[in-house]
Structure formats: structure tokens, C-alpha cells
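To find a chain, count down the sequence lines: A is the first, B the second, and so on, and within it residues start at 1.
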Number of protein chains: 2
Amino acid sequence: MNKSRTRVLKTLEHAGGFASAQEVHQLITRQGERIGLTTIYRALQSLQKENIVDVLRRDDGEAIYRLCGDEHHHHLVCKKCGRTVEIEGGAIEKWAEAVAKEHGFREVGHSAEIFGTCSKC
Amino acid sequence: MNKSRTRVLKTLEHAGGFASAQEVHQLITRQGERIGLTTIYRALQSLQKENIVDVLRRDDGEAIYRLCGDEHHHHLVCKKCGRTVEIEGGAIEKWAEAVAKEHGFREVGHSAEIFGTCSKC
DNA sequence: AATGAAAATGACAATCATTTTCATTTCTGC
DNA sequence: GCAGAAATGAAAATGATTGTCATTTTCATT
């Protein structure tokens, strides 16, 4: 963990939800701190590899990042405004394990997302 | 509905699931028919507006299209050898819709994958 | 302090999907 | 057939993301 990653993390926290790489960059430079866009992308990538941030896609394909808690949950995401609801995934957990066992798979993990248009949009 | 849209639709059917704009274009031109990439994009856009096709995003952000109402399935993927099994997703479909409705979301879609280690690995 | 190797940084160029532009072609109803 | 509208496609523009590479920073060791 180094200075840039820390700065990006703090910015994501402060953004309180989603931010694209470019938005993170703006937020930081607007505060007078100087940092390159490339560095933001790299910081976000490594944070992603370490499972500290999640990546989603906006409708136009732009990647947006957010801090993810370490409990295993799923997301319900609004395609228009990006509003996100965290969801308990008990049903899926069981489904995933059942299906995997049925096909002889071990060490099972899964990913799942639901997306749609939220009531405000 | 015109010639291009029809051609794109047929290609999507034949592709049997997902295809990006570029893939649709390749599939068509490989058959010797001549069509511009721009036209593919426009056809896909209008089909999308008419709710005939759905759009999703691949991990790298590329847009992929599929016929609406296509039964869609999920994948069980081996992390080691890449072997893939297609799965019926009935349980998830219902779960996704229920959760979404509960939170007031409309026009709901979802993605889900299970990964693990297969019996041979 | 001085050194030096390895990692991090950032300006810039390259890439790649998608959109725009605009001149040309094809459809449409008459 | 004909005028006007819609569709087409080649090429340029756009915009996010990644690659490159020279420079800077970090940091453990002299």
C-alpha cells in the first residue's frame, strides 16, 4: 500500500459510493494535489486485484469503482443513476453449491449481480 | 424493419446467445455479404430501442447483444482447466426478480457465474 | 550522508470500441 | 420516372483505457 493507493482509497470513501477513474482524478486534483491519471488507473487496478474495490460498468461502458466490504454480498445496481443496494445472497449461495456439487466441482465461488432501473429513474 | 436489421437479427439468432457488434459484423461479412460496421451499430441501437435485443457488458466493457426473451443460461467454470458447463438458471431468475421488485427496480437483468475446481483437476 | 536497485510516477502515444459526419445510394409514395 | 426521406458506409472524431519509457521516489544497506 503506497501513497497513491491510499489517496485513491480515501477519495473513494469520500465519494461515498461510485466513482470512475476520471472522477477520482478530478476529485483529487481539485483539492490541489497533483497526480497523474495513469497512476489512478494503476491504483484502481491493484486495489481491484486485492479485492479492496469492486468494479462495475455504467450504461455507457465506463468503469466505476467502489469500496467493497469483506462480507460476501451481491449488488442490485441501477443502470441509470448507479444507485446500489447491497443484497443478502443466501439463496444464491445454496444454489451455487448445489449446482457445483452436482457437477463434481470443488472450492466453489460465485459472482452475481442484478441490474435494472430504480424507482427514481 | 429493414434489410440490415433483419440480417443482424438472423445473425444474433444463429450466434445462439451473445455477440458484440464487431462479432456480428464478422459473422456477416464472412458469409460474403457486404455491410458496414456503422450499419451494424445502428441496427443494434434501433433493435435495442424497440426492445428486441438486450445489451450487456463484457468484463472489458465491450457491449454484447442478445435477443430478448432468449432463455439465458449461466456458466460453471473450472478455474484450472477452463472447462465450462452450461447451467439452467431458473432459481436465479426468480431470485433476481423478487429481490429487484422488493427494492422497486424495473427492467431487470442479471449476471451470474459459478467457478470452482472440476473433478478432473 | 551516499549509493544503488527496485518500484512508482506521469507525460505522451497507442489502441480499440463506439459515434459522428457527410456524401452517396436506396426506398417510398405519388 | 421522380422528388424527398431514410439508410448506408468510408473515414474522421471521440473518449476511456492501456502501453511505453524516461525520470523520480523509496528504502535498505554501506
Under 3.5 Å for both pairing distances: what stems, at least three Watson-Crick or G-U pairs long, include DNA chain D?
C:1-30 with D:1-30
Ring centroid separation A:His110 to A:His74 under 6.0 Å:
yes
Quick one: A:Arg58 CZ to D:dG15 P, roughly how many Å, whole number?
15 Å
Using only heavy-atom distances, determine whether the side chains of A:Arg34 and A:Thr29 contain a donor-acceptor pair under 3.5 Å.
no
Surrounding CD of A:Gln48 (heavy atoms of other residues, nucleotides or ligands, distance under 6.0 Å), is the total greater than 12?
yes
If you look at every strand shown and take non-hydrogen atoms under 4.0 Å, does A:Gln45 touch a base, only sugar-phosphate, or nothing?
sugar-phosphate
In whole angstroms, the gap separating C1' of D:dT18 from NE2 of A:His25 amounts to 16 Å
Mind calculating the distance between OH (B:Tyr65) and C1' (C:dT18) to the nearest angstrom?
8 Å
Test item: B:Arg66 and B:Leu12 side chains (from C-beta on) under 4.5 Å apart, heavy atoms:
no
What string of B, S and - do you get for nucleotides 7-12 of chain D, 5' to 3', if B is base contact, S is sugar-phosphate-only contact and - is no contact with any protein heavy atom under 4.0 Å?
SBBBB-
Quick check: closest heavy atoms across A:Ile64 and A:Arg57, and the distance to 0.1 Å?
CG1-N, 4.3 Å
Any N/O pairs under 3.5 Å between the protein and nucleotides 28-30 of chain C? List them or say none.
none

Rounded to whole Å, CG of A:Asp60 lies from C1' of C:dC16 at a distance of 15 Å
Rounded to the nearest angstrom, tell me the gap between atom OH in A:Tyr41 and atom C1' in C:dA13.
15 Å
Say whether A:Tyr65 and A:Gln45, considering side chains only, have a donor N or O and an acceptor N or O under 3.5 Å apart.
no
